Amino acid sequence: MSTSSDYIYLSPPDVGDVERKLLLAAFDSNWVAPVGPDLEAFERQVAGYLDIGYAVALSSGTAALHLALLVAGVDPGDTVLVPSFTFAASANAVVYLGAQPVFLDCSADTWNLDPCLVADELDRCARLGTLPAAVVAVDMYGQCADYEQLLAACDRYGVPLIEDAAEAHGASYRGKPAGGFGLAGVLSFNGNKIITTGGGGMFVTNDGQLADRVRHLATQAREPVPHYEHRVIGYNYRLSNLLAAVGRGQMTTLDDKVRARRGTAAVYRAALGHLPGIDFMPVAGYGVPNHWLTCVLVDPAAFGASRGDIREHLAAQGIDARPTWKPMHLQPVFQDRPMRGGAVCEDLFRRGLCLPSGSGLTDSQRQRIIAEIRSVAREGY
Ligand SMILES: Cc1ncc(COP(=O)(O)O)c(C=O)c1O
């Protein structure tokens, strides 16, 4: 995918011989369809890894979020609490259902949905008799949200929580794998994620009935009779068996890929963590992130260059770094939606930079990135 061999992408796919063989074997088997043995094997593999009852492979993480919210009972006109600091898909899925996202700020010490804000908002809604139909928690950049606190707040009012673990496959919270919290979890296998199928996602849950409903809805909601019978509106959201074969291969090296990203985070931190004006995304004591992307906050006065200066310099050197997510409440498409708080995520957006973090990053590439970042600083560290 590169135009120049020394270009460094933010988080490129990392696939190899195992995936290639499995893909060709699936092709040769003629299960070239959104059904087949690789699909089932991939689901079993992911469910086993997450130690969860059921997994349904879908065409994207966004599709998984859409169906997760649908089976959670989100109806047109409902509200759903969503962190403002996330990728747009977390909120888009709410709008697909005709529901209204209510955006909440995140905590500065985790960059994840602020559990106190969630509790306050649920208390407020309960007093008004307008409880949201669901809460979406996102495991930001591969670090889990604080599920003990979030679930305590949600359980008080019986509001279902959906875990958007698109970025967090391989991370854990209090020893339990990301994706397994709340009513259902969602994974993404987009090309930039920790493992990829070249586009894909998964719905995971311990509720067999929910998994059956998602499988049904994802395959056009066709009734199990010989002719084509439909009682509800369905979707064509199933993952291809060919792509599931790639996913099977990726799962065999998931732990290696997580280890590589954690290693990269440690190298960046050791080389840049002591520089004035550079702060790394905090690691919460309650879990172990997968470090999908390593992110820093830049204080321009102390560092001598802004987040934008660093990004532009890296881009000129053929290195892809990105601003942290632009909060949803600042997006033109969501500007009229309600927002609670906002100062924290606005600051993260103003100062945050995601550094190249792919699991295939070599040590010499890491050293090149570090040297270029240092060279932008006022002191030229
Ligand atoms: C937090 C978050 N949620 C949802 C998604 C959507 O996943 P997909 O691209 O597989 O639809 C992504 C990334 O793409 C994401 O980062």
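Numbering of ligands and ligand atoms starts at 1, following listing order. Bear in mind the structure is a predicted one, so any value in this text is a computation, not a measurement.
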Is there any protein N/O under 3.5 Å from an N/O of ligand 1, and what does the full list of such pairs look like?
residue, atom, partner, partner atom, Å
ligand 1, 3 (N), Asp164, OD1, 3.2
ligand 1, 3 (N), Asp164, OD2, 2.7
ligand 1, 7 (O), Ser188, OG, 3.4
ligand 1, 9 (O), Asn190, ND2, 3.0
ligand 1, 10 (O), Gly61, N, 2.7
ligand 1, 10 (O), Ser188, OG, 2.7
ligand 1, 11 (O), Gly61, N, 3.3
ligand 1, 11 (O), Thr62, N, 2.8
ligand 1, 11 (O), Thr62, OG1, 2.5
ligand 1, 14 (O), Lys193, NZ, 2.8
ligand 1, 16 (O), Glu167, OE2, 2.6

Notebook entry, point to check: Restricting to pairs with a member in residues 230-255, which pass salt bridge (charged side-chain N to carboxylate O under 4.0 Å, His left out), not counting sequence neighbours?
Noted result: Asp38-Arg248, Glu43-Arg238, Glu223-Arg231
Notebook entry, point to check: Please, which pairs that meet salt bridge (charged side-chain N to carboxylate O under 4.0 Å, His left out) have at least one residue in residues 294-320, sequence neighbours excluded?
Noted result: Asp320-Arg322
Next item on the list: Any chance you could measure Ile8, atom CD1, to Arg366, atom CZ, to the nearest 0.5 Å?
Entry: 11.0 Å
Item checked: From Ile233 atom CD1 to Gln220 atom CD, the distance as rounded to the nearest 0.5 Å -> 10.0 Å
Next item on the list: Apply the side-chain contact (heavy atoms from CB on, under 4.5 Å) test between Asp164 and each candidate in Leu113, Leu187, Val136, Val82; give the one that qualifies.
Entry: Val136
Item checked: For Asp279, side chain to side chain contact (heavy atoms under 4.5 Å, CB included) partners two or more places apart -> Leu297
